[in-house]
Amino acid sequence: MLKQSFRSVVTTWLTGLLALLPLVLTLALLAWLFSLLNKLVGPSTMIGQVLGALGQPFASNPMLAYLVGTLVLLGSLYPLGLAVQLGLRRPLAWLLDMTLRRAPLIGSLYGLADRFVGLLDRSKNADIAAMSPVWCIFGGEGAAVLALRPNPETFELDGRSYCAILVPTAPIPVGGGLIYVPVEWLRPAEMGVEGLTSIYLSMGLTPPHQAGRLAKEPVVLSDDSKAS
């Protein structure tokens with residue numbers, strides 16, 4: 001009797017825990033995101049100091065100046081977006097090509113960041129049309145990684161065809177690793193780049209549908225890829 005009562009109490013307690021757990025996990029995730037943003041653009045960072053300088057003419061309190069500077073920056077995005085829509089995109093791209101893109105290290109980093117941001121910008125889809133999501137099956141039958149194939153080109157290494165894949169990081173897929181793998185390890189992932197991005201942004205909570213079927217289908221190389 002005592003054992004059954006104890007088990008009933010534990011079961012009820014676990015039921016309450018499971019009912020509250022989604023809220024707790026949501027708050028924990030929000031706290032983690034806030035902490036990450038604070039480390040990147042908080043008042044004590046270099047970006048935060050710039051925002052504080054923007055708000056200094058309007059407020060004397062450092063924290064209030066930071067908030068005002070943030071609002072000023074957010075407000076300035078609208079006229080910038082309007083100017084880009086009215087034809088500023090090409091002059092702005094030319095200015096960046098003449099400055100940031102020509103810097104030895106910064107240019108490479110900016111180019112990579114700009115290409116990943118292009119995944120979210122439909123107006124830049126022509127620049128990333130050659131990219132395609134793929135499954136990389138390590139060893140041909142081992143662990144599977146959802147990756148992005150930048151282009152269909154291949155190269156020979158020790159008599160074997162290799163190609164480049166980009167493996168994003170979760171939940172911020174603007175970073176990741178560049179890996180050269182054998183072509184036969186790759187399988188097509190029948191999803192758009194937006195689908196791949198949503199999976200990484202959700203940290204795996206969004207399931208890759210039809211993954212089991214796709215893992216059995218080999219990558220079909222184009223004639224240009226075979227010729228390379």
Side-chain angles (χ1 to χ4, degrees), residues 18 21-33 35-37 39-40 108-228:
L18 292 176
L21 194 57
L23 176 61
V24 173
L25 292 178
T26 301
L27 294 177
L29 181 59
L30 290 175
W32 176 81
L33 290 175
S35 176
L36 179 63
L37 290 175
K39 291 180 180 179
L40 294 176
S108 300
L109 295 176
Y110 177 80
L112 178 62
D114 181 60
R115 201 165 190 184
F116 269 108
V117 171
L119 302 180
L120 305 176
D121 188 356
R122 294 186 179 274
S123 62
K124 293 184 178 181
N125 277 350
D127 183 53
I128 60 171
M131 292 187 177
S132 58
V134 294
W135 289 102
C136 178
I137 314 296
F138 287 95
E141 57 182 12
V145 175
L146 185 59
L148 188 66
R149 189 174 181 180
N151 57 70
E153 296 181 359
T154 63
F155 66 95
E156 296 291 328
L157 181 62
D158 293 334
R160 199 175 185 184
S161 296
Y162 281 75
C163 67
I165 61 171
L166 295 172
V167 181
T169 54
I172 305 177
V174 295
L178 174 64
I179 307 176
Y180 291 92
V181 298
V183 174
E184 61 267 22
W185 287 10
L186 300 183
R187 306 288 186 271
E190 293 183 357
M191 65 179 73
V193 176
E194 294 84 358
L196 179 143
T197 305
S198 65
I199 290 174
Y200 276 93
L201 286 174
S202 68
M203 295 188 295
L205 293 178
T206 301
H209 298 291
Q210 301 176 337
R213 181 177 63 82
L214 295 175
K216 299 179 182 179
E217 300 176 0
V219 167
V220 178
L221 296 178
S222 62
D223 295 336
D224 295 339
S225 300
K226 293 178 181 179
S228 61

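Nearest heavy-atom pair, L196 versus M191, reported as atom, atom and distance to 0.1 Å: N-SD, 3.8 Å. Minimum interatomic distance between G140 and R187 (heavy atoms only, all atoms of both residues): O-NH2, 3.9 Å. The heavy-atom pair separating I199 from T206 by the smallest distance is CG1-O, 3.6 Å. The minimum heavy-atom distance between R149 and A164, with the atom names listed, is CG-O, 3.7 Å. Scanning both residues, A147 and V167, for their nearest heavy atoms gives CB-CG2, 4.0 Å.
Under the side-chain hydrogen bond (donor to acceptor under 3.5 Å, both in side chains) criterion, S198 pairs with no residue at all, not counting sequence neighbours. Residues passing the side-chain contact (heavy atoms from CB on, under 4.5 Å) test with L205 are S202, sequence neighbours excluded. Every residue two or more places apart in sequence or in another chain that forms a side-chain contact (heavy atoms from CB on, under 4.5 Å) with L157 is listed here: F155, Y162.
Rounding to the nearest 0.5 angstrom, the gap separating the CD1 atom in I165 from the CD1 atom in I179 is 5.0 Å.
Around the OH atom of Y180, the shell of radius 6.0 Å holds no more than 12 heavy atoms that belong to other residues, nucleotides or ligands.
Side-chain contact between W185 and V134 is absent, with no heavy atoms from C-beta onward closer than 4.5 Å. Side-chain contact between V145 and W135: absent, with no pair of heavy atoms (C-beta onward) separated by less than 4.5 Å.
Using a distance-only test at 3.5 Å, with no hydrogens or angles considered, no donor-acceptor pair links the side chain of S35 to the main chain of A31.
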